[in-house]
Structures are given as structure tokens and as C-alpha cells.
**Student:** 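Sharing a structure below in C-alpha cells format, with a few things to ask.
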Amino acid sequence: WLTIGMIFIITFGFYLWIMALSLIKDLIKAVAVRRSAVNIGSLDAVLTLIQYGFVALGLFGVLRMLQVNAATIAAISGGLSIGVGFALQDLLKNFFGGIIVLFEGSVRPGDWVEIAGTEGAIDKLSIRSTTVRTFDNVEYIVPNQDWLNSTVKTFTRSSRLVRTQVPIGVTYAADPHFVRELLTETVAQHPDVLPEPAPLAPLINFGASSLDFLVLAWVSDATIKGKVASELRLQIW
């Protein structure tokens with residue numbers, strides 16, 4: 001009964017199964033975002049795990065339809081496991097790294113992170129790799145094992161609240177007490193600077209030709225901290 005046409009039908013059916021799962025996942029995310037204030041990152045991680053579970057279930061169904069002998073598969077897999085393991089070790093590391101990242105939730109879609117010295121938002125998290133999109137619309141494809149083997153700077157792991165910093169140098173002739181008061185009052189007037197925690201402007205160093213202050217102000221979202229810092233410089237000037 002196993003003809004070329006039947007193999008094509010089964011293969012095409014498995015492809016449609018994968019596409020249907022992706023469509024259902026996108027629909028659930030769209031409905032959840034519109035109707036409730038869910039954490040889109042956590043939801044996407046859970047849906048991704050469920051999706052790959054159903055993909056594995058579909059693959060098992062395909063093998064059953066093809067009447068593939070489980071003992072034969074086990075024997076062949078055992079013989080090839082060593083060679084395949086060496087050849088695909090990086091792929092397997094990324095695969096299991098993706099599983100761990102999804103379960104652990106260390107990074108999630110929508111999180112703001114720093115990668116390769118550049119900040120960006122996690123756009124897509126898959127089993128093999130993670131896509132990080134920067135402000136310049138540049139996409140970084142990061143292998144999942146990198147999230148496990150290196151230190152990752154994330155600004156939104158537990159909270160989107162972040163502090164922006166603006167260094168200021170003034171002449172030694174200035175009264176440092178007056179400067180500190182003027183800086184904190186000026187920064188507090190910015191609409192995106194949070195009143196609590198209150199902004200600070202400590203004197204951090206006696207420079208070669210200036211008194212060095214550091215303006216510290218809290219904003220509600222890491223994605224706007226650069227914009228706020230620029231506006232604060234103009235406001236202070």
C-alpha cells in the first residue's frame with residue numbers, strides 16, 4: 001500500500017500539521033494580548049513548548065502510519081548515535097539549551113537585553129536560536145547555548161524599571177551643594193522620570209579640571225532610558 005503518492009500525502013499532511021500549530025499559537029497570543037494583561041513572554045514560552053510537543057506527537061503518528069518498526073529504529077539509532085552525536089553536537093546543545101531557556105524563563109520574548117555590546121529586544125525565541133532586534137532594526141541570531149554559557153545583561157528579567165545615568169562636569173568655582181540641588185530639581189521636572197525612587201546627583205569625583213557629578217534618575221521602561229538621558233542633558237544645559 002505504501003506508494004510514492006501515499007508518502008507525499010503523509011509528508012504534506014505533516015507539513016500542514018506544523019503550519020496549523022503555528023497558526024493556532026499566533027491566534028492564542030493575539031487573543032490573550034487583547035483580552036487580558038498577560039505576560040507575553042511567559043505565554044510565548046509555554047505555547048512554544050506545547051507546540052513542539054504536538055509536533056513530536058505528529059511525527060510519532062507519521063511513523064505509525066508508515067508502519068515503521070520501533071525495534072529497527074532503535075537499532076539504527078544506536079549504531080549511528082556516536083557519529084551523529086559528534087556531527088550534531090552544537091545543534092543538540094542549542095536544542096537542549098532552548099528547552100532549558102523556555103522552561104527556566106531566563107529570557108523571554110519582549111525582554112530588553114544587551115548582546116555584543118548592543119541593546120535590543122528579544123523578538124523571537126525558538127528551540128535552536130533566539131532573535132534579538134535592536135533600535136536600528138538589526139537582527140542578532142543568538143544560539144541558545146550562549147544564554148547558558150555566558151553572562152547575559154537583561155534589563156527586564158524581573159522588572160522593566162531601570163535607572164538612567166547622566167555624567168555632568170562643572171567648574172571648581174561652582175558651589176557643589178547648589179549644583180546638586182539644581183540638578184535634582186531639574187531632572188525631577190522631566191515627565192518620564194519617576195518621583196520614587198527620587199532622582200539623585202551625587203558628587204563622584206574631583207576631576208583634573210571639573211567637579212564630576214552623576215545624575216541618577218529612574219524610568220518605567222528600559223527601552224526609553226536612552227531617550228530620557230538625551231533629553232535630560234538638554235534640560236540640564
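Note that these values count all heavy atoms, side chains included, but never hydrogens, waters or copies made by symmetry.
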**Student:** Provide the closest heavy-atom pair for Ala201 versus Leu183 in the form atom of the first, atom of the second, distance.
**Tutor:** CB-CB, 3.7 Å

**Student:** Given 3.5 Å as the limit, does a donor-acceptor pair link the side chain of Gln235 with the main chain of Thr186, or not?
**Tutor:** yes

**Student:** On a heavy-atom basis, which atom in Val179 and which in Ala174 lie closest, and how many Å separate them?
**Tutor:** CG2-CB, 3.9 Å

**Student:** Check whether the side chains of Asp221 and Thr223 place a donor and an acceptor atom closer than 3.5 Å, and report yes or no.
**Tutor:** yes

**Student:** Just wondering, are more than 12 heavy atoms of other shown residues or ligands nearer than 6.0 Å to CZ in Phe54?
**Tutor:** no

**Student:** Looking at Glu185 and Arg180, does any basic side-chain N land under 4.0 Å from a carboxylate oxygen?
**Tutor:** no

**Student:** Considering non-hydrogen atoms only, spot the tightest contact between Phe155 and Val162 and give its length.
**Tutor:** CD2-CG2, 4.0 Å

**Student:** With a 6.0 Å cut-off (strictly less than), is the heavy-atom count around CG of Leu23, excluding the residue itself, greater than 12?
**Tutor:** yes

**Student:** Whether the side chain of Thr164 engages the backbone of Lys225 through a donor-acceptor N/O pair (distance < 3.5 Å, no angle test) should be reported.
**Tutor:** yes

**Student:** Would you say Lys227 has more than 12 foreign heavy atoms packed within less than 6.0 Å of its NZ?
**Tutor:** yes

**Student:** Can any side-chain N or O of Ser210 pair as donor or acceptor with the backbone N or O of Phe206 at less than 3.5 Å?
**Tutor:** no

**Student:** How are the rings of Phe135 and Trp112 set relative to one another: parallel (under 30°), tilted (30 to 60°) or perpendicular (over 60°)?
**Tutor:** tilted

**Student:** Counting distance only, does the side-chain N/O of Tyr172 pair as donor-acceptor with the main-chain N or O of Gly207 below 3.5 Å?
**Tutor:** yes

